[in-house]
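Notes follow once the structure below has been shown.
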Amino acid sequence: MNNRSEDNILELRHISKYYPGVTALNDVSLSVRRGEIHALVGENGAGKSTLIKTCSGAIEPSKGEIVINGKSFSKMTPKVSEANGIGVIYQEFNLVGDLSVAENIFLGRAIRKGIVVDQKAMERESKKILDSLNININPKALVKTLTVGYQQMVEIAKAISQDAQLLIMDEPSAPLTNAEVESMFAVVDLLKSKGISIIYISHRLEEIFRLSDRITVLRDGQYVTTLNTNETNQDELVKYMVGRQLTEIYPARDPKCIKDEVIFEAKNVSGNGDKNISFKIHKGEVVGFGGLVGAGRTEFAELMFGVVPKTAGQFFFKGKEINPKSAHEAIEIGIGLVPEDRKAKGALLGLTIRENINMPVYHHDSRMTVINNKTEKENAQRYREEISIKTPSIEQLVKNLSGGNQQKVILAKWLAADSELLIFDEPTRGIDVGAKQEIYTLINTLVEGGKSVMMISSEMQELMGMSDRIIVLAEGHMTGELNREEFDQEQIMKMASKERED
Amino acid sequence: MKKVTDLLKSRAIWVFLILMIIFFTVVSENFFTSRNLLNIGRQVAIYGIASIGMTYVILLGGIDLATGSIISLVNIIAAYIMVNMGLSPVIAVIASLVASTLIGLLNGVIIAEVRMPALIVTFASQTIFAGLAFIICGGVPISRFPDSFLFLGQGYVGPIPFPIILMVLCFAIGAFILDKTYFGRYFYALGGNEEAAELSGIRVKRIKYLVYALSGFFAGIAGLVMLARANTGQPNGGEGYEFDVITCVVLGGVSVNGGSGKMSNVVAGVLIIGILSNGMVLMNISSYTQMIVKGVILLLAVGSDCIQQMRLTQAKKAA
């Protein structure tokens, strides 16, 4: 692999990145040839983002070597990375909406005449770069007036104006419409013809086959393989991506706990980016929601939880139509949400475990708004023991707990509120393996105790290991529903990356 | 030992208060006399009472700049009802408190529903109601109220001036709401993380209504005490009061970022501002110098809070 290193613009050698308790990258090597489009694929959490961040200098690898144009570095900084010709187009653009296209392209490097910024020269230079990429934008236009697609073009032009030799594009098609994607492809092809190398990250396999020369697959922070695009196919690629066997971390549960009673039903529900979604959740059932990030699963949970109003369709809870207009109402009906972003949305970090657990029930357990201290303590103590939150005291502030224990506090809150349907959004993200298994056991205990669970997860193994049934969403549409005996990783992956037909 | 330092840290404001009392006692022989101390108590009663509502507002991460104008408006409304309309003080008191609470509620509704920054909403409402106070009385002060009303500001219960008793009562109620009712829990939750609070089932908008309404209500009581004490309703009587009130609350350790603070420490903040003003007057320090001292103290109080926050986030990043 190293025998022709002069042909490689970038070589990552044995890169590892460790976080406390988590190995994000484990001995990953990758080389990008001059002028090639190199696709990087893998499931969520496979390590793609971490890998590109080591190239851009956003994070420092724990081990390994980065070789750019034959120059070796043990770590990058954003400055060094830029100076060596690496440009990154992130999913979130780094643009200033109220400045013009030209000013954005030359942001921080304004062309000056004396002490005055030379607008004319910047506009002229910008025009040159945009023309060379066949992009038709007025350099004087304010960036905020441009469509997302054109904003992305400005980002690309900015990178090119800094003489980028290697462009890293992180899910560039995700925010774009189909027409915009085509224009973006055209620009990418043009860049390639100019000898610029591209690392292209995408979940959409069609795109990867359309654009790339080679494909590198990552899984669980490990390098799996690098394939020549014209020598492989989608099926083979998916196999490499999901590869491993189900491990034994998913505890078994009593299959008889599923009852015929339907707890929750959505009928042709639209809103918050989702369209025409229907499904049922039975008592004692774990229904997994699979799909890519941004497929509309969290958005659907927001509809169910009353955070965002639905625009069409009906919800039923135990056969009765419901229409929650706020989280408060949803909780009163019997729904609990364990959100994805635990720290930002789930736990009240500055309050104690006692206060967090009682928060949804204070208004029930109080007399004339005055809190009953005894009930409050008993509640907290009971659920702390029931789901074994590891803490010296219920008076501990939640911010001092580990991720797994914070997750348990949020769960305890819904047990206290007597929620019958629990929505878990990525329940084990950022939690170490031991705590993960505890969460799985808790989910089992919940459904065996007659509760129902909707589990949104982007981890294929978790989804298949825990669910009784899996519903797959792609771009706001339901693209599949599988019963346990039909579970198949490749099938789910395909459903999840299905492009909209209409 | 750790407990002692923790206690000192959480009650640093009381230590500061005691040191200040010792200082003024030493430099001025007129300071530590019962007459002067009661005088201080009467002086702080007005912004002390108003600071209770402001405490809730700042706990929520908001601000209420309308307090001063509400005080002025209450001055004029109550005076107008008693003098120009010749109605009983009871009606004047009730009408004033209803009006002040409604103004607060209006602020809260706009802040919650339109999602405008509290700073702008309450600043606009400050201007509007200051103007309204002038229009009602035509710019002319209104005076001479029934004795029964004057008791609010000038009365005594035994040796203790009534405003002090009223302030203690208000603080007791204020602390009760904050520590014993679930509304208090909601205030902390909402100030700490609005989104998480909402997803925990708290009706965030309603809590905002409530808190700004309470801020208006307590400002209303403060306005009545001021009116009774001065025996004259001035259309600009409360002008600038919001700044003294905010200073007291922030000095009392309520974080301007919301989510943390104690009512008892706000009491200390109120006393510090009162004693500082009084002590500096006794020392013949000019009112301009007093302004500088107060400004510096406000900076130090908020600064130390911000530095603490910064250290916390840095410690988190390191971990």
Side-chain angles (χ1 to χ4, degrees), chain A residues 20 301-302 305-307 324-333 335-352 354-373 376 397-400 402 406 409-410 413-414 416-417 419 423 425, chain B residues 3 6 10 56 59-61 112-113 172-211 214 253-255 257-262 305 308-309 311-313 315-319:
Chain A
E302 285 172 350
F305 206 53
V307 180
K325 288 191 194 60
S326 65
H328 179 85
E329 286 180 30
I331 293 163
E332 296 291 300
I333 289 165
I335 303 175
L337 171 70
V338 182
E340 176 180 5
D341 194 342
R342 191 163 56 235
K343 290 199 156 86
K345 297 183 177 179
L348 291 155
L349 298 176
L351 299 186
T352 62
R354 168 176 52 82
E355 289 163 325
N356 266 275
I357 292 178
N358 281 285
M359 203 50 80
V361 292
Y362 273 132
H363 61 293
H364 292 303
D365 291 346
S366 302
R367 184 180 291 176
M368 304 271 293
T369 80
V370 180
I371 290 166
N372 183 336
N373 290 330
E376 189 191 13
L397 295 183
V398 171
K399 66 177 158 204
N400 296 332
S402 69
Q406 287 179 353
V409 171
I410 298 167
K413 178 168 83 178
W414 301 130
S419 307
I423 306 171
D425 194 353
Chain B
K3 271 197 178 155
D6 276 359
S10 69
Y56 300 150
L59 258 182
L60 245 64
E113 299 294 337
I173 294 171
F176 184 82
I177 292 175
L178 196 55
D179 298 335
K180 299 292 177 197
T181 72
Y182 59 76
F183 291 118
R185 298 284 202 279
Y186 291 174
F187 298 167
Y188 284 109
L190 220 156
N193 183 339
E194 194 171 319
E195 199 167 6
E198 178 145 35
L199 293 181
S200 294
I202 297 174
R203 282 171 281 194
V204 167
K205 286 179 180 175
R206 291 195 196 184
I207 296 302
K208 285 186 179 170
Y209 298 176
L210 174 71
V211 160
L214 281 173
V254 180
S255 165
N257 298 316
S260 76
K262 284 197 185 84
D305 175 45
Q308 242 174 22
Q309 293 280 344
R311 282 202 189 131
L312 272 178
T313 37
K316 232 183 252 163
K317 266 186 197 156

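Atoms considered below: every heavy atom in the structure, side chains included; atoms not considered: hydrogens, waters and symmetry mates. Below, chains carry the letters A, B, ... as their sequence lines are ordered, and counting in each starts from 1.
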Under a 4.5 Å heavy-atom cutoff, which of G350(A), A347(A), A344(A), A417(A) has the most pairs with chain B? A344(A)
The ring-ring contact (aromatic ring centres under 6.0 Å, His included) partners of F187(B) (sequence neighbours excluded) come to Y56(B)
Among V370(A), N358(A), N372(A), T369(A), single out the residue with the greatest number of heavy-atom pairs under 4.5 Å to chain B. T369(A)
In this structure, CG of L199(B) is separated from CD of E302(A) (nearest 0.5 Å) by 8.0 Å
S200(B) and side-chain hydrogen bond (donor to acceptor under 3.5 Å, both in side chains): which partner among K345(A), E355(A), K413(A)? K413(A)
Option passing side-chain hydrogen bond (donor to acceptor under 3.5 Å, both in side chains) with H328(A) (candidates E198(B), R206(B), R203(B)): R203(B)
Do you know which two heavy atoms are closest between A196(B) and L348(A), and how far apart they sit? CB-CD2, 3.9 Å
Run the side-chain contact (heavy atoms from CB on, under 4.5 Å) test on L349(A) and N193(B) for me, step by step, so that the C-alpha distance in whole Å, both residues' side-chain angles and the decisive distance to 0.1 Å come before the verdict. CA-CA 8 Å; L349(A) 298 176; N193(B) 183 339; over 6 Å; no
With a 4.5 Å limit on heavy-atom distance, are the side chains of E376(A) and R185(B) in contact? yes
Portion of I371(A) that has a non-hydrogen atom of chain B nearer than 4.5 angstrom: both
In short, side-chain hydrogen bond (donor to acceptor under 3.5 Å, both in side chains) pairs touching residues 174-184 of chain B with sequence neighbours left out are none
